[in-house]
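Worksheet for the structure shown next.
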Amino acid sequence: MAAAAKRAPAKSKADAKSGSNPVTPKPVEFTKEQELSAYRHMLLIRRFEEKAGQLYGMGFIGGFCHLYIGQEAVVTGMQMALIEGDQMITAYRDHGHMLAMDMSPRGVMAELTGRQGGYSKGKGGSMHMFSKEKQFYGGHGIVGAQVPLGTGLAFANRYRGNKNVSLTYFGDGAANQGQVYESFNMASLWRLPVIYIIENNRYAMGTSVTRSSAETDFSQRGTSFRIPGIQVDGMDVRAVKAAGDMATEWCRAGKGPIILEMQTYRYRGHSMSDPAKYRTKEEVQKMRSEHDPIEQVKARLFDKKWASEDDLKAIDKEVRDIVADAAEFAQADPEPDASELWTDIVH
Amino acid sequence: MPIEILMPALSPTMEEGNLAKWLKNEGDKVVAGDVIAEIETDKATMEVEAVDEGTLGKILIAAGTEGVKVNTPIAVLLADGESADAMKAPATAKSEAPAKAPEAPVEASAASKPAAQPVAAAPKAEVAADPDIPAGTEMVSTTVREALRDAMAEEMRRDEDVFVMGEEVAEYQGAYKITQGLLQEFGNRRVVDTPITEHGFAGVGVGAAFAGLKPIVEFMTFNFAMQAIDQIVNSAAKTLYMSGGQMGAPIVFRGPNGAAARVAAQHSQCYAAWYSHIPGLKVVMPYTAADAKGLLKAAIRDPNPVIFLENEILYGQHFDVPKLDDFVLPIGKARIHKQGKDVTIVSFGIGMTYAVKAEAELREMGIDVEIIDLRTIRPLDFDTVIASVKKTNRLVVVEEGFPQSSVGDHIASQVMQRAFDFLDAPVITIAGKDVPMPYAANLEKLALPNVGEVVEAVKAVTYR
């Protein structure tokens, strides 16, 4: 992506002497199956989010609703690097993460509409959803709070001596929270298997990284804690997968935490209610037309003649049907029974 | 069928907005994700994206129109092969998403029937009584400090998932020596020294608990836990509910709470009332060593986050602890420390020291006091308190925390609501004074409750 290309390739200063620091790997070459799978997964997220935006507009979804459109390659690529038992945790822009973790679109959408069939029985909403079964630990509404929590998941992995890795996602905005650095310190000190994935979409709500961050190279935010980091083109799912492979291997080898700065972009506003005054339309349009993660895969599929227009149309239709089914379910499903007010809590 | 595109809401409170402009013209092909129009309100603007593909058949609301009601059809989208003729009868066009779109988003968000009737009260969990101590059980004089250490050690032997973390808990053997010997027995995997980073390690503990471990997080004092209170309240307390019961945080946050001696304002504060405010937390504040042991063991086994408030002055005090293999007490059950018939004193933690001394003086005056040690602040055992008030008809509550919105205030309110007719005098609440804790010895003494105040309060409610 443009931003990654402009900047010098990230070289970690953390352990410069040792020469063993990770560098940004080249994007991996995908097989046909991988390209098609990435296409399908990213498209599902995008169509799901568009539908969520629409349902919000119609009043079916309330409160805050943060869409992931534009950033799909990040969770999709990382997901391709995981093994059974790896955990994921993120903040409130979480719908894409849940779909990537193979959580049911019906369950997610029904939570957005506050219905009993939602993952939290309608009691959590867009920002507070979980699936213990799928190892998705939320869904957290307080900016940065998921970072110590994700570090704790990694602590549990090390405590149990398993090979699992905690994928702890946060944004460029959260990267300025103090608890992030408290977590970095402990994770490095105790060599915890945690990948800190900083989704740098360039704006913390409406504040650009240059207006909020003294060091805008987020891959270097772990330097004081000897945590290496790399910058990754977060719009290219192959680049993300390559970084994910490298980072998971790093963690599983017992080398401790690692930072992946995913340079990405959100097309939509911070939440549904966004003044859209802090960036130009041209900037958004340029990203959409030149760096769109889904279009990139599509172009490669056509280039290599791995798929025809019709093949992709069939996938589009399949994805659209899944989303339509989720939306229908989420509107038809009843609200939680009044008795649910008092469940899942002790008095 | 042609699809109607509806005026979207930017927020649940939006009722109408302006259709600022159209970015597509009639006859244009659109695919999902294409921005077709821009709408705005006084606080935000939003691009309307197509959710389906087709041809923009007809624009129903012209650019520049103000005050367009939410959910008004603004355009019609034609599917492949549909001719413009199909637009002639837009009235028959099926709205694309919900068969029955909500009347208005404002109503929709409140679509649930409004709670016209009073909402049912929270069901009370059954709390078992204290276990019987078999006759002939040896009672061992134990300090609160030793009792707490024994509780942790026993639970760590019993369950491999239990570990303790905090500042100076391992090599230093605990800032107040509560974790003495644990490192030697369990090693540094399970007795973890942390950096001075309360917000961070509280969160790490909660994350580990999400993953199924059972952390005991020691705060060197609860004053420092203010740095971590977001993780305690937002992450630990709320997750079980927010996740619809899928996962919670089986974690204990423990450490000394309240005033010690001459450590002044920032190190002398009682958090009982603070944490007791939060649904999803349990709050335990023991007085005796036996309660400290039995309740800490229960706290470690509890699937909910438990705030366990200790007191530095009590650490060195001796009490009898029954010598039993597995002495566990129920959380949520008050203990009648002394039976009496004339007046009830309710207290907890170090507040009990004032109650106990006052009772001795009052006995000399011929007043028979019943003392209830709450032991647990949340869930609070109102049944025991109210049963006692019904017997004595008089109540004094004693605590060291600040007076406003204190635990005593809450008890007084509940007793008034549940046992008003049984009261022969207004409830008196005794608390610390409404000032930050001063350093000077004389002022510190004035700021805390004292036995004389308790005696006077009892005399007042018994009209002596």
Side-chain angles (χ1 to χ4, degrees), chain A residues 46-47 50-51 53-60 62-63 69 87 89 118-124 128-132 137-138 140-142 145 147-153 155-157 159 178-179 182-183 185-186 189 269 272-276 327 331 335 338 341-347, chain B residues 6 8-12 32-33 43-46 49 51 70-71 97-98 101-102 104-106 108-109 112 119-120 122-125 163 189 194-195 197 199-213 230-231 234-235 239-247 279-280 282 304 379:
Chain A
R46 179 152 312 175
R47 293 288 171 264
E50 286 164 358
K51 183 58 90 178
Q54 189 194 29
L55 292 182
Y56 189 92
M58 298 168 75
F60 280 105
I69 296 174
Q87 305 111 328
I89 190 165
Y119 266 98
S120 299
K121 300 189 222 162
K123 292 156 80 168
H128 317 111
M129 247 186 279
F130 309 80
S131 171
K132 185 111 193 181
Y137 287 85
H140 294 271
I142 306 297
V147 181
L149 298 171
T151 307
L153 296 171
F155 181 94
N157 291 336
Y159 188 90
Q179 57 185 319
E182 299 189 24
S183 303
N185 185 44
M186 284 179 279
L189 193 63
M272 295 302 293
S273 184
D274 184 286
Q331 291 165 72
E335 289 185 314
L341 183 66
W342 297 117
T343 60
D344 310 316
I345 187 104
V346 284
H347 288 100
Chain B
L6 306 177
L10 273 60
S11 75
K43 66 168 194 171
T45 61
M46 192 180 95
E49 289 176 356
V51 183
V70 166
N71 279 336
V106 182
S109 60
S112 25
V119 177
K124 290 277 303 166
F163 69 98
R189 173 173 163 268
T194 66
T197 185
H199 196 181
F201 71 70
V204 167
V206 176
F210 284 171
L213 298 182
D230 173 65
Q231 291 290 358
N234 271 315
S235 302
T239 297
L240 183 68
Y241 194 82
M242 291 195 302
S243 71
Q246 281 187 76
M247 50 183 264
K282 291 187 175 182
N304 298 282

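Because the structure is a prediction, the values reported are computed rather than measured. Each chain gets a letter, A, B and so on, in the order its sequence line appears, and its residues count up from 1. Note: hydrogens, waters and symmetry copies are ignored here, and every other heavy atom, side chains too, is used.
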Practice prompt. Could you pull out the closest heavy-atom pair between T45(B) and A276(A), with the gap in Å?
Written response: OG1-CB, 3.4 Å

Practice prompt. Just give me the residue among P8(B), S243(B), G205(B) that pairs up with chain A most often, heavy atom to heavy atom, under 4.5 Å.
Written response: S243(B)

Practice prompt. Provide the closest heavy-atom pair for A156(A) versus A211(B) in the form atom of the first, atom of the second, distance.
Written response: CB-CB, 3.5 Å

Worksheet entry | Which of G118(A), S183(A), G124(A), S131(A) touches chain B most, by non-hydrogen pairs under 4.5 Å | S131(A)

Worksheet item: Relative to chain B, which of G63(A), A338(A), G138(A) shows the most heavy atom pairs under 4.5 Å?
Response: G63(A)

Item to complete: Heavy-atom pairs under 4.5 Å with chain B are the metric here; pick the option from D274(A), D344(A), T151(A) that has the most.
Response: D344(A)

Response to the item:
Under 4.5 Å to a heavy atom of chain A? For Q246(B) that would be both

Worksheet item: Contact part of R46(A) toward chain B, heavy-atom cut-off under 4.5 Å: side chain, backbone, both or neither?
Response: neither

Worksheet item: Which region of H140(A), side chain (C-beta onward) or backbone (N, CA, C, O), has a non-hydrogen atom less than 4.5 Å from a non-hydrogen atom of chain B, or is it both or neither?
Response: side chain

Worksheet item: With a 4.5 angstrom heavy-atom cut-off, which part of S235(B) approaches chain A: side chain, backbone, both or neither?
Response: side chain

Fill in: Any L341(A) side-chain heavy atom under 4.5 Å of V119(B) side chain
yes

Worksheet entry | Side chain, backbone, both or neither of A145(A) within contact of chain B (heavy atoms, under 4.5 Å) | both

Discussion item. For a quick test of reading the model, state the closest non-hydrogen atom pair linking N185(A) to P195(B) and the distance between them.
Written reply: ND2-CG, 3.5 Å

Discussion item. I need the I142(A) CD1 to D230(B) CG distance, nearest 0.5 Å.
Written reply: 5.0 Å

Discussion item. Please report the interatomic distance CG(L213(B)) to OH(Y159(A)), rounded to the nearest 0.5 Å.
Written reply: 6.5 Å

Discussion item. Quick check for you: among A120(B), P379(B), G203(B), which has the greatest number of heavy-atom pairs under 4.5 Å with chain A?
Written reply: G203(B)

Worksheet item: Taking the side chain from S120(A) and the backbone from M242(B), do they hold a donor-acceptor pair closer than 3.5 Å?
Response: yes

Response to the item:
Looking only at M186(A), M129(A), K121(A), E182(A), most heavy-atom pairs under 4.5 Å shared with chain B are made by E182(A)

Discussion item. Please identify which of these residues, F201(B), F163(B), F210(B), meets the ring-ring contact (aromatic ring centres under 6.0 Å, His included) condition with F155(A).
Written reply: F163(B)

Fill in: Which portion of T343(A) sits near chain B, non-hydrogen atoms under 4.5 angstrom
backbone

Worksheet entry | Residue pair L149(A) / Q231(B), side-chain heavy-atom distance below 4.5 Å | yes

